[in-house]
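This structure is a prediction, so every number in the text was calculated from the model and none was measured.
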Amino acid sequence: MNTVIAVTLVFVGCCSNVVFLELLVRDFPGCGNIVTFAQFAFIALEGFIFETNFGRKKPAIPISNYMIMVTMFFTVSVINNYALNFNIAMPLHMIFRSGSLIANMILGIIILKKRYSASKYLSIVLVSLGIFICTFMSAKQVSVEKGATEEEGVYAFLHWLLGIGMLTFALLMSARMGIFQETLYKQYGKHSKEALFYNHCLPLPGFLLLSTNIYNHAVLFSQSTPVEVPVIGQPVPVMWVYLLMNVITQYVCIRGVFILTTECTSLTVMLVVTLRKFLSLIISILYFQNPFTPWHWVGTAVVFLGTLLYTEVWSSIRTAIKGEKLDKKAE
């Protein structure tokens with residue numbers, strides 16, 4: 001029963017989160033900082049109350065180690081959201097972030113000297129090829145669509161290229177953080193709730209560096225069209241409603257993934273998360289009518305094929321089918 005609830009939370013929470021993020025970004029492409037700050041503040045507050053018991057519970061992992069992880073986590077979160085300010089379409093943003101498994105694997109080979117099966121290396125090639133196809137086709141769209149003159153078109157393309165560079169850096173940094181987290185858990189044991197709290201609480205002072213941008217967008221949000229909120233019966237600027245819903249759905253999404261990791265195998269978790277990403281992509285394309293060519297579909301299919309190959313879903317299904325056949329023969 002917990003597994004069904006967790007899967008429901010992941011699909012409802014994570015897919016809704018993408019919808020509200022796109023609603024925010026469509027009107028204010030540079031609002032990534034205020035969105036990141038709101039998410040961090042909400043999760044930190046919840047963790048302070050329920051995980052640390054108002055600061056009375058001591059951490060199992062030393063704060064010095066959390067500071068390293070937090071620096072990486074804060075950097076990744078801010079860059080990922082800020083990249084949307086550089087002509088990066090939401091579908092491409094999601095496809096790029098789907099390469100996190102492969103980035104983790106590549107750094108595992110380089111840093112931890114890990115070795116993998118041939119199918120794993122094939123998955124690297126497929127995901128890399130899929131991301132390249134989608135990126136290349138998006139680059140062509142930026143060159144054609146942005147700017148009336150050639151000079152403006154070049155500027156728009158370079159602006160977009162900077163966003164791609166930011167996403168690439170964030171992808172590799174996220175993978176490096178995953179490896180660091182893995183070594184910490186081996187040494188101190190798994191403390192997922194605690195890590196979730198400190199990863200969101202400790203970076204909060206860092207948002208002072210972004211305070212001007214956050215304040216400016218808070219003013220812009222307050223000037224947006226007011227909508228009647230049934231619960232309070234008062235008109236509230238629509239962008240604040242979108243932000244609140246984005247924060248709540250982000251929390252639901254994270255909690256769903258956390259419950260899933262405690263109830264299911266890592267393979268099941270990865271399969272659910274992959275399917276959720278694909279559904280979010282479909283929603284973004286169909287509901288928001290984001291530009292998506294047949295080549296984008298090819299690239300997307302190759303990315304998800306590579307991800308499923310990495311998680312060895314096919315071999316697990318074959319094993320399960322063979323097991324059922326053997327059971328029937330035994331009967």
Q: Output the distance between atom CG (Asn17) and atom CD (Gln250), rounded to the nearest 0.5 Å.
A: 4.5 Å

Q. Between Phe86 and Gly163, which heavy-atom pair has the shortest distance, and what is it?
A. CB-CA, 3.6 Å

(Q) For Val76 versus Ala170, what's the shortest heavy-atom pair and its separation? (A) CG2-O, 3.7 Å

(Q) Minimum heavy-atom separation for Thr249 and Ser16, please, with both atom names. (A) CG2-CB, 3.6 Å

Q | Phe28 ring center near Phe221 ring center (under 6.0 Å) | A | yes

Q: List the atom of Lys57, the atom of Glu51, and the distance in Å for their closest heavy-atom pair.
A: NZ-OE2, 3.0 Å

Q) Using the ring of each side chain (for Trp, its six-membered ring), is Phe20 parallel, tilted or perpendicular to Tyr242, with breaks at 30° and 60°? A) tilted

Q: Of all the heavy-atom pairs spanning Tyr198 and Val70, show the shortest one and how long it is.
A: O-CG2, 3.2 Å

Q.
Before we go on, tell me: are the rings of Phe50 and Phe197 under 6.0 Å apart, centre to centre?
A. no

Q. For Asn81, which of Thr36, Asn33, Val25, Leu24 qualifies under side-chain contact (heavy atoms from CB on, under 4.5 Å)?
A. Thr36

Q. Taking the inter-plane angle between the rings of Phe40 and His200 on a 0 to 90° scale, is it parallel (under 30°), tilted (30 to 60°) or perpendicular (over 60°)?
A. tilted

Q. Between Leu9 and Gly256, which heavy-atom pair has the shortest distance, and what is it?
A. CB-CA, 3.8 Å

